[in-house]
Amino acid sequence: MLPLFAHLVLAQAMPVPQEIVIPQQTRPLPGHLDAVPVFNSNNPEVVQKEGILLSTFPPTGKRVAAAHLNFPFQGRFDLFLHHIARAIETPNDLRTLYLGIIVYNPGPQPVTVDVLQAASYLSQPDAPFVDLPPQQDNALGTIYAGPGDRAMNDVLRGQRQTGWPDRLVIPPHQYQLLMNLPIPVRPLTPPLNGRSTLARLYSTGPVYLANLAMFAKQNPDGSEQAPTLEEWEHLLQTGDFAGPREAAPSDPEHLTGPEIYGRVAAVAQGSQWRTQVTDPGRDRLSIPVPGTEFSYGLSTLLAGQMGTGQNQSAKLLLRYPGTAYQAHGNYAIEYALTLPLVNATNATQTVNVLLQTPLKEDQLSKGGLQFRQPPYNNVYFRGTVRIRYNDDRGLPRTQYWHLVQRRGQLGTPLAQLVMPPGDRRLVQVDFLYPPDATPPQMLTIQTLKPSP
């Protein structure tokens, strides 16, 4: 126990939280999500009962018809999974939970599924949630906190993790396993672990997919064995929904607050938001007036549009009843933004490009973005952002920044540009919205006030 004077010194040393309001314009992000379908499995997040997490197979002949959405994938599509195994309620049951992705070719000809990029990580031991500084150079890709952060980092760099096939060739009317990976909880304390997965795929013909959860079978010696393809097929045909089911979301047509967005078990639409950010009707983006800034919403959502009037959440083509109505948060969606900045003033200007996490609002109640200094403890964004531009010497630069932003955090510049009069500078900002983040964020362009 600290003596009284130590408490007084500690209290004096701790900064008094201050609310900061930056009067500024917030703008809707130009462009839109593409039409690439996404197999999006995140409900239930915590899995304690084996069964069907998400199936796009036809319901015909299945024991639980409602668990099958009847959606064939063909051409480009994504696969996103984010699930947790927890044995806290039954601490003596430490069996390993497996996630199996089963793929079926319903046609009369072989189908090839190319694995373009893919990554899947556990929180333990692959990517534990460690406390990291707000901004670090991540050129080598070795900085991450959490499995979603690490998986998005890999795919952003165009990688296919070791262990993934480069392609599957599926004979007519046959099944194959794309993924069969564990979420172990033994010997963790508490017995809790998670896995995040993203794969970008291309199929030469229609295929159906399912994400299934099954506990490992135990051998006589106490060791475990992974489920076989035949066991996964049997679960697909006879299984019920995995559980426990999560709370139903709020009706988006009748939001009363606080909103329950729900988790996604659906076929979503949209893999990338790729756009050029310009002044309306122009091919350039004029920098702000010196001493001011403007911001574009990133992953804005219902009741969190930040004054932009824009809900960026991916729509769902098909969903399970009781799950989210939209892919709120846009987990695993890539933002690929090009900013053709122009200094149209007659003086040299210093321009910052930042990612920020202001307090969430729908309309700006105070005429600008609200921040808190120091920010709240809750981490709202942890992930790697890539920025590419020509520096002040005209040399091309590519910088990977790993960011950890807490609720209400102002952020620090991803890039600072000193732009002479008439200077044009192309800036590209890319990231995949990481699981375990909380939207929205803002991309801010700021022109510093000249020094007196």
Side-chain angles (χ1 to χ4, degrees), residues 38-56 77-87 93-104 113-129 144 146-155 159-168 170 175-188 191-201 207 209-219 223-236 239 242 265 331-332 434-436:
V38 178
F39 182 100
N40 190 320
S41 181
N42 183 216
N43 188 334
E45 182 185 32
V46 178
V47 182
Q48 294 177 297
K49 173 192 169 188
E50 60 186 19
I52 298 166
L53 290 161
L54 178 62
S55 167
T56 74
F77 67 97
D78 283 3
L79 181 146
F80 168 69
L81 319 174
H82 180 68
H83 294 287
I84 293 170
R86 180 175 64 189
D93 185 357
L94 299 178
R95 291 175 298 167
T96 297
L97 182 74
Y98 273 79
L99 299 182
I101 301 295
I102 194 168
V103 188
Y104 179 72
V113 178
D114 290 312
V115 182
L116 307 177
Q117 295 102 37
S120 183
Y121 289 105
L122 294 164
S123 53
Q124 301 288 341
D126 300 336
F129 289 98
Y144 39 80
D149 181 351
R150 188 173 183 183
M152 301 307 110
N153 176 44
D154 281 10
V155 175
Q159 297 176 2
R160 184 176 59 245
Q161 180 188 19
T162 301
W164 285 84
D166 59 350
R167 62 179 49 185
L168 292 178
I170 309 173
Y175 297 89
Q176 284 202 20
L177 271 172
L178 175 63
M179 188 183 96
N180 190 14
L181 292 176
I183 309 180
V185 295
R186 186 194 305 267
L188 303 176
L192 175 74
N193 209 349
R195 180 177 287 281
S196 295
T197 303
L198 175 61
R200 289 176 169 172
L201 308 164
V207 291
L209 278 79
N211 179 28
L212 309 170
M214 188 187 304
F215 289 105
K217 302 297 188 295
Q218 285 197 325
N219 297 313
S223 62
E224 294 181 328
Q225 56 181 333
T228 65
L229 176 58
E230 292 72 22
E231 289 172 327
W232 287 122
E233 289 180 37
H234 180 73
L235 180 60
L236 176 74
Y331 285 175
D436 287 317

Once salt bridge (charged side-chain N to carboxylate O under 4.0 Å, His left out) is applied, do any residues pair with Asp78, and if so which ones, sequence neighbours excluded? Arg76
Can you say whether the rings of His82 and Tyr331 are parallel (under 30°), tilted (30 to 60°) or perpendicular (over 60°)? perpendicular
Supply the atom-to-atom distance Trp232 CH2 to Gln176 CD, rounded to the nearest 0.5 angstrom. 16.0 Å
Atom pair CG (Asn180) and OH (Tyr98), whose distance is rounded to the nearest 0.5 Å: 7.0 Å
Side chains of Val113 and Ile170 in contact at under 4.5 Å (non-hydrogen atoms): yes
Nearest non-hydrogen partners of Leu54 and Ala265, listed with the distance: CD1-C, 3.8 Å
What verdict does the side chain to side chain donor-acceptor pair (under 3.5 Å) test give for Tyr121 and Asp154, after you've listed the backbone C-alpha separation in whole Å, the side-chain angles of each residue and the deciding distance to 0.1 Å? CA-CA 10 Å; Tyr121 289 105; Asp154 281 10; 2.5 Å; yes
Can you give me the closest heavy-atom contact between Ser120 and Met179, atom names plus distance? OG-SD, 4.3 Å
Under 3.5 Å, is there a donor-acceptor pair between the side chain of His83 and the main chain of Ala213? no
Interatomic distance, NE2@His234 vs OG1@Thr228, rounded to 0.5 Å, equals 10.5 Å
One should read off an interatomic distance between Arg150 CZ and Ser123 OG, to the nearest 0.5 angstrom, of 12.0 Å
Between Ile183 and Asn193, is any pair of side-chain heavy atoms under 4.5 Å apart? yes
Identify the residue among Leu235, Leu229, Asn211 that makes a side chain to side chain contact (heavy atoms under 4.5 Å, CB included) with Ile102. Leu229
Arg195 side chain to Pro182 backbone, donor-acceptor under 3.5 Å: yes
My understanding is that only residues two or more places apart in sequence, or in another chain, count here; which of them pass ring pair (Phe, Tyr, Trp, His ring centres under 6.0 Å) with Phe215? none
Out of Gln218, Arg186, Gln225, Glu224, which residue meets the side-chain hydrogen bond (donor to acceptor under 3.5 Å, both in side chains) rule with Thr96? Glu224
Which pair of heavy atoms, one from Ser196 and one from Ala151, lies closest together, and at what distance? O-CB, 4.2 Å
Could you tell me whether the side chain of Leu81 reaches within less than 4.5 Å of the side chain of Asn42, counting heavy atoms only? no
With rounding to the nearest 0.5 Å, note down the distance linking CZ in Arg160 to CZ in Arg200. 13.5 Å
Do Val115 and Leu178 come close enough that some side-chain heavy atom pair is under 4.5 Å? yes
Does any part of the side chain of Leu53, heavy atoms only, come nearer than 4.5 Å to the side chain of Pro44, both counted from C-beta? yes
Just wondering, do Pro435 and Met152 contact through their side chains at under 4.5 Å, heavy atoms? yes
Between Arg86 and Gln48 (side chain of the first, backbone of the second, donor and acceptor by atom type, cut-off under 3.5 Å), is there such a pair? no
How far apart are the closest heavy atoms of Glu231 and Pro227, and which atoms are they? OE1-CA, 3.1 Å
For Leu236 versus Tyr175, what's the shortest heavy-atom pair and its separation? CD2-CE2, 3.7 Å
Would you mind reporting whether Leu201 and Phe39 have side-chain heavy atoms less than 4.5 Å apart? no
Candidates Leu97, Val185, Val46 - the one meeting side chain to side chain contact (heavy atoms under 4.5 Å, CB included) with Ile84: Val46
Please report the closest heavy-atom contact between Ala87 and Asp93, naming both atoms and the distance. CB-O, 3.4 Å
Please tell me if the side chains of Leu209 and Leu79 come closer than 4.5 Å, counting only heavy atoms from C-beta onward. yes
At what distance, to the nearest 0.5 angstrom, does CG of Leu212 lie from CD of Glu233? 10.5 Å
